[in-house]
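Structure, as structure tokens:
These numbers were taken from a predicted model, which means no experiment stands behind them. Chain naming here is simple, since letters A, B, ... match the order of the sequence lines and numbering starts at 1 in each.
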2 protein chains.
Amino acid sequence: MTATLGRLNHVGVATPSIAKSVETYRLLLGATAIGEPFDLPAQGVKVCFIDAPNTQIELIEPYDESSPIAGFLRKNPAGGQHHVCFEVADISAAVADLKAKGATVLGEPRIGAHGTPIVFVHPKDFGGMLVELMETPGDTGAH
Amino acid sequence: MTATLGRLNHVGVATPSIAKSVETYRLLLGATAIGEPFDLPAQGVKVCFIDAPNTQIELIEPYDESSPIAGFLRKNPAGGQHHVCFEVADISAAVADLKAKGATVLGEPRIGAHGTPIVFVHPKDFGGMLVELMETPGDTGAH
């Protein structure tokens, strides 16, 4: 089975402070649909979604020093774009397809911020860009 | 006037080879709506748009060694996420609003890849993320 490019669920943006980033988006871009930040301790991050009309920005802050995001912020102290997330209809089929084509899928699918299975693919397979695949949520988040 | 967060027109992704990146998106993600690459010599780049159902990926390759993208690729030889582009209703109003709020707008608006005025805002104003603002095109590109 070959996947079809799905919708861009979100752009993941690392930040040393979700609170500060939220104020920036509110002040400079007029963002109003801003979710409550919440912890994903299993993934070592706190996240907060900001809705654009057609997709979301996922602000990501380290949960603690062992967070994978902490390493990103050591290299990029101000923060920056971290990953893009595309939706797929069936995460197991997508993983099998990617592996068959030689891509490096990072670990097993796990439940992500929208409550459906997600998995990351190594940036070396996508021209230096970290790609997250997310099984399409029932509620897409952006309306 | 305060802006309202507009739709994410595209994610800009730098690449040393549009041709190679297009093959990656086709093979690994099933992309089918892939535009013809074209040159924007005034901006020092070649670009190619790939449609996702709700937005676009803009692949950006240096036009020559003086390209601003050439510097990005020296730091990130494989490529990577370069900017995000949000639509605004009125670029002049958006620029005036951003300047009034102390943001660093990079140069004057100029015509961008979709034929409407665009401008970039310094990454220091957006937590390390380069933000492009684009006056909403008549044809939004992604359908």
From CG (B:L27) to CG (A:L98), nearest 0.5 Å: 9.0 Å
Cluster check A:V84, A:I91: I/L/V/M/F/W/Y, side chain < 4.5 angstrom: yes
Option in A:A14, A:P123, A:S17, A:G80 with maximal non-hydrogen atom pairs under 4.5 Å from chain B: A:G80
Joint cluster assignment, B:Y25 & A:V121, ILVMFWY side-chain distance < 4.5 Å: yes
Considering all heavy atoms, the nearest A:P53-B:L5 contact: CD-O, 3.6 Å
Verify same cluster id: A:I118, A:L106 (apolar side-chain graph, 4.5 Å): yes
Within one Ile-Leu-Val-Met-Phe-Trp-Tyr cluster: B:L130 and B:L73, side-chain cutoff 4.5 Å: no
Closest non-hydrogen atom pair between A:L28 and B:K101, with its separation: CD2-CB, 3.8 Å
A:T24 side chain reached by B:D125 side chain, heavy atoms, under 4.5 Å: no
Residue B:V13 versus chain A: region with a heavy atom under 4.5 Å: side chain
Any donor-acceptor N/O pair, B:N54 side chain to A:R7 backbone, under 3.5 Å: no
ILVMFWY cluster, A:L8 and A:V131 together (side-chain gap under 4.5 Å): yes
Contacting region of A:I57 [heavy-atom separation from chain B under 4.5 Å]: side chain
Interface residues of residues 32-41 of chain B facing chain A - heavy atom cut-off under 4.5 Å: none
Between A:G6, A:P77, A:S21, the one whose heavy-atom pairs under 4.5 Å with chain B are most numerous: A:G6
Side-chain heavy-atom pair A:L29, B:F126 within 4.5 angstrom cut-off: yes
Test side chain to side chain contact (heavy atoms under 4.5 Å, CB included) applied to A:Q81 and B:V11, step by step: CA-CA 10 Å; A:Q81 291 183 73; B:V11 178; 3.9 Å; yes
